[in-house]
Amino acid sequence: MHDLDVKWQKKWAEEAVFQPKAGAVESPSAATARHLQRQVTRDKFYLTAAFPYPNSPQHIGHGRTYTTTDIYARYMRMHGRNVLFPMGFHVTGTPILAMAKRIEEKDEEILSIFEKVYGIPRAVSATLTEPRELVAYFSREIEAGMKEMGYSIDWRRKFYSYDAQFNKFIEWHFAKLEKAGHITKGEHPVPWCPVGQTAVGAHDTQGDADPQIEEITGVLFPFEDGMLACATYRPETIYGVTNLWVNPDATYVKVKCAGKHYYISKEAVAPLSMQLEMKVEKEMPASALLASKAKHPFTGAELPIFPATFVDPKHGTGVVMSVPAHAPFDYLALRDAKLEGKIKLIQVLTLEGFGNFPAKEIVEKMGIKSQNDPRAEAATEEIYKKEAHTGRMAVGEFTGMLGAEAKEKIRAKMIAEGSALALYEISNGPILSRYGGLVGVKIVRDQWFIDYGDEAWKEKARKCLAEMSILPEKTRHDYEYTISWLKQKACTRSAGLGTHFPLDKSKMIEALSDSTIYMAFYTVSHIAMKMKPEQLTEELFDYVFLGKGEGKGLPAEAKEMRREFEYWYPLDSRHSATDLVYNHLTFFIFNHVAVFPQKHWPRQTVTNGFVLMDGKKMSKSMGNIIPIRAAVKQFGADAIRFVVVSGADLSADTDFNRPAVEGVISRMRFMQSAMEKYASTADKGKHDIAYKWLLSRMHKRAIAAPKMYESFQLREISLELFYNTFNDVQWYLKRAEKPQLREFFEMWVPLIAPIVPHYAEEMWQALGKKHYVKEAALVAVAEMPKGDAKKVDETLEAAEDYILRVREDISSIMKLIKKEKAEKVELFVAAGWKRKLREIVDKERKFDIAMKAAMADAEIKPHASEVAKVLTSYMKNVGALAGTPSSEFEMEALLSGKKLLEEELGCPVSAVLEDESDVPKAKFALPGKPSIMIS
RNA sequence: GCGGAGAUGGCAGAGUCCGGUCAAAUGCGCAGGGCUUAGGACCCUGUGCCCUAGUGGCUGCGGGGGUUCAAAUCCUCCUCUCCGCACCA
């Protein structure tokens, strides 16, 4: 398999079939020139798939998107379009840096994954400590894998997103955004590692946990000369605060922050200082706080401070406000301290199914013993959940409002009047970063944004979307939703590979912001990459991409670049996995409409689901990843291409498993040997019924194929052009007296070529001179056969189905009567009156009315005794009545299948009309279902 | 919480829009047989339950209820699963 792949990949490369020229013909070898000539007189077709991120090799999961794209590219090429399918590498951002660092630190986990999963020897991975070395190595691997998969990519246009020329392009891109007013600056909370001094994403954390930022409220209670800060998720319960809690064993501090004094736990200082600048002035034991009292920020009422062990000094501020009516822990702590009678509970929310103090009730109902009882957690969860959904405010200015709504209002109000701080926290913490620090939340000043919240911009994006084709169509809603909620998107980071942010060179443009219009760069990259970066000025790109000016004073290459861009743009189809709809693909639309004129807006996106391995999600930790190159070596490119796209609908996840791959390979072999046996010469003589039937099916499929390819019904195609076709050929070989398959194969091979190109190429060559389809040196550039509607014969196909059904019925009866071998088989075809009765029932589906109508019919009346019985059997399946076959049809079909049946049964088979026979069994015949007599 | 998608046989997965030809395509798995020294591959047959000398009957498509001569398919309520909610490629 692999040799065959290499053979044709080499041939395609030699003939440069995947290196299209904008609007004119290059000079590939004479063999293909003719076909390329044909192509360029037709329309161009430009498509791209998301470029890979080379921080590790690719596995078969990655192969789905690229294979889908390639099938489409190959189909379009065979459909006569001049196709451009380029590829590059995305290296922007921090994961590559993180990976290189981990290798440098000899991270056992990563080295062992490389060794065990991808088969990279430790000696080799040890050399990948430099980001550029790493990129060079993995991009080489990925490119080799893509070539081995037979992707029809124009590699001349390859670039890396940190190349100086591409940097220039991104600078131009951002200059356009800035001029359009889409760049803003502000503050932003990010997950931050205090040790690494950097923002962290999932790939920077231990265990690949994705840190989630959550807003919390730091309520400030006047206390001595400052304020006690309490972090809470439920600021709306401020009305029900009866006291405060501190941990009796913790140390507390007095800090100065923006001119004010706050009291918090000592352990809260480090995480909170990422958000607020603070200076510790004094340290004190908890007892110092317990001796004093705080004041309620609204009412000024005195609030005692009590000790409670459930207070975690590491969490929030290390001080907790007590709302015993609604928080089980607060109630329990109060009860534990025997203070229940002394402190009066205050109701804040009304909750259906509960009285005034839900926390007290649930604690009593569940019989929870103390604040250290593990069930206290469950009780809290239940009450919080119920109150969050259905609780209504019972006190304060928002009385009657849902608690969830009141929360936002109260929080905003308190922050505005200075009685609370806006704080953030990592909701799924504690998370440790790879640098060893506990991840906290930092407020980044000088954060630059792309303002996707701009309504006018959104409108333009919607307009573009409305005119685009979205496949699968049901994804359109996801785009609309994403456009509606997108706000400011942070577009710079303090570290990473890529392009420096033009307005602040100390920052880097992050990865989702520098990959939105790079498809435009491909159209000129093969020229730009040979130029000096400083030649790629804003003026040049304005001319090339926006057609500004006449190109005077610009480098000589400018005109050619402009021509390439104008020829290839707009992008006809953009491909990726579905997860990118919510960010990349939507940004892609936004940025195109911001930078380019409407005629260059994208026309289509195609998104696909993932690949599962034996029904399970692929993951490095589970070790169920098959690297793409290893898979190709083992199974050959075509089988993998076939399996990753044919297993499921485009949007659904598909499964990759060995039996599926092997099934494909064995079927391909079968077809190949059938072709060798029966298609070596042109079909001879008059086609018999069986061959006419097979060709009818083939032509029908050829007619249906373009639509299926164009709407990415790849599962449907594989089913029709492969499994069902395969079954047809098997049936045909059984049916045909002298099988011949020449016309069949001349059509079949090009039809499947986009999916299994190497195999098809080999078959195409083996066929030699074509008799029934247009000749082409390579099937990759051959014309897709068009089915001939005149060769589609529904009657013939129906007859064949009929024979199959009769055959099945005979064998089921044989089994029923436990007969190994029959002496003879007699078939009786139903009488005319039964057909007439069927028509009556088809029109009138109520039993009694149909019965009356039947009895009024002179032809049917004589059979009155049988009518009720026949009618009953019709009624059972009223839907099956349409298209009653004629008795002539049935007789003819039986005659055509007679020989096959006799051979299979090893006895004479006869067919007569029901009314021409006096065998009693004959009466059981129904239209389409002859009565069978075996003796 | 908000938004989206989905639930079909041992498994994967069609069918659902436009109700009837649906015990339900196709593939895998499993069982029996053939081939083979054996295994693999390959080929045939079977694979919800029940009855049966006659091509049959019954149950069934997440759960409940409804519409209809007829429901996997239409309506309604419910349960459960998956995905996304950004600064991360």
Side-chain angles (χ1 to χ4, degrees), chain A residues 50 52-53 55 90-96 188-191 199-204 210-213 385 388-389 404 444 447 449-450 452 474-475 477-478 481-482 484-493 496 510-513 515 578-584 586-587 609-610 612 614-615 646-649 651-655 657-660 662-666 669-670 715-716 718-720 722-724 726-727 730 805-806 808-819 845-848 873 875-883 921 924-926 928-934:
Chain A
Y53 191 83
N55 68 340
H90 197 206
V91 296
T92 307
T94 53
I96 284 170
H188 195 65
V190 293
V200 292
H203 56 86
D204 305 309
D210 194 14
Q212 301 292 324
I213 292 178
K385 203 168 178 178
H389 295 170
V444 177
Q447 177 63 58
F449 300 93
I450 298 176
Y452 293 119
K474 64 181 172 186
T475 319
H477 183 92
D478 296 339
Y481 181 70
T482 308
S484 73
W485 68 251
L486 274 180
K487 298 182 292 221
Q488 295 196 319
K489 150 89 185 157
C491 63
T492 59
R493 288 192 66 159
E510 65 78 48
L512 285 171
S513 300
S515 57
T578 38
D579 56 338
L580 296 187
V581 169
Y582 305 100
N583 43 57
H584 165 73
T586 304
F587 299 157
F610 301 108
L612 304 176
D614 290 322
S646 68
D649 276 354
S651 63
D653 291 351
T654 188
D655 193 37
N657 56 69
R658 181 181 280 270
E662 284 170 353
V664 170
I665 293 171
S666 82
R669 282 207 198 105
F670 171 87
R715 185 187 167 77
E716 207 82 356
S718 67
L719 205 66
E720 281 299 327
F722 208 70
Y723 293 104
N724 291 346
F726 174 84
N727 290 343
Q730 288 201 309
R805 274 200 312 274
V806 170
E808 253 170 56
D809 286 346
I810 293 174
S811 77
S812 90
I813 292 167
M814 296 272 284
K815 231 169 289 157
L816 200 62
I817 62 175
K818 298 190 178 64
K819 208 169 182 102
R845 300 190 164 188
K846 300 233 187 225
F847 189 94
D848 44 348
S873 85
M875 292 308 297
K876 254 183 294 187
N877 238 331
V878 187
L881 291 180
K921 281 280 162 314
F924 291 105
L926 290 175
K929 220 164 172 58
S931 172
I932 298 162
M933 176 74 183
I934 299 168

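Because only heavy atoms are used, hydrogens play no part in the values below, and waters and symmetry mates are left out as well, while side chains stay in. Chain letters run A, B, ... following the sequence lines, proteins first, then strands; residues in each count from 1.
By the salt bridge (charged side-chain N to carboxylate O under 4.0 Å, His left out) test, Glu716(A) pairs with no residue at all, sequence neighbours left out. Applying the side-chain hydrogen bond (donor to acceptor under 3.5 Å, both in side chains) rule to Thr482(A) yields no partners; only residues at least two apart in sequence or on another chain are considered. Listed by chain and number, the residues in a ring pair (Phe, Tyr, Trp, His ring centres under 6.0 Å) with Phe587(A) are Tyr452(A) (sequence neighbours excluded). Legend: residues meeting ring pair (Phe, Tyr, Trp, His ring centres under 6.0 Å) with Phe449(A), ordered by chain and number and at least two apart, are His188(A).
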Tabulate atom names and distances for all N/O pairs under 3.5 angstrom spanning the protein and nucleotides 45-47 of chain B.
none

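Atom-to-atom, CG of Asp478(A) to C1' of C2(B) comes out at 14 Å; the value is rounded to the nearest Å. Protein atom CG of Asn727(A) is 8 Å distant from nucleotide atom C1' of U26(B), rounded to whole Å. Summarising the geometry, the separation between CG on Asp653(A) and C1' on U81(B) is reported as 13 Å, rounded to the nearest angstrom.
Using modelled atom types, one side-chain atom of Asp653(A) and one backbone atom of Phe610(A) make a donor-acceptor pair closer than 3.5 Å.
With hydrogens and angles left out, the side-chain atoms of Thr492(A) and Gln447(A) include a donor and acceptor closer than 3.5 Å.
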(message) I'd like to compare against my own output: the B/S/- annotation of nucleotides 83-89 of chain B with a strict under-4.0 Å heavy-atom distance to protein.
(response) SB-BBBB
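At the heavy-atom level, Glu720(A) lies nowhere under 4.0 Å from the strands shown.
Spacing between G3(B) and A71(B) at atom C1', rounded to whole Å, works out to 31 Å. Between the P atoms of C17(B) and A72(B), the separation comes to 12 Å (whole Å). Taking the C1' atom of each, A38(B) and G60(B) are spaced 43 Å apart, rounded to whole Å. Atom C1' of G6(B) sits at a distance of 15 Å from the matching atom of G15(B), rounded to the whole Å.
Nearest nucleotide to the side chain of Gln730(A), out of C44(B), A5(B), C42(B): C44(B).
Relative orientation of the Tyr481(A) and Trp485(A) rings is perpendicular, given thresholds of 30° and 60° on the angle between their planes.
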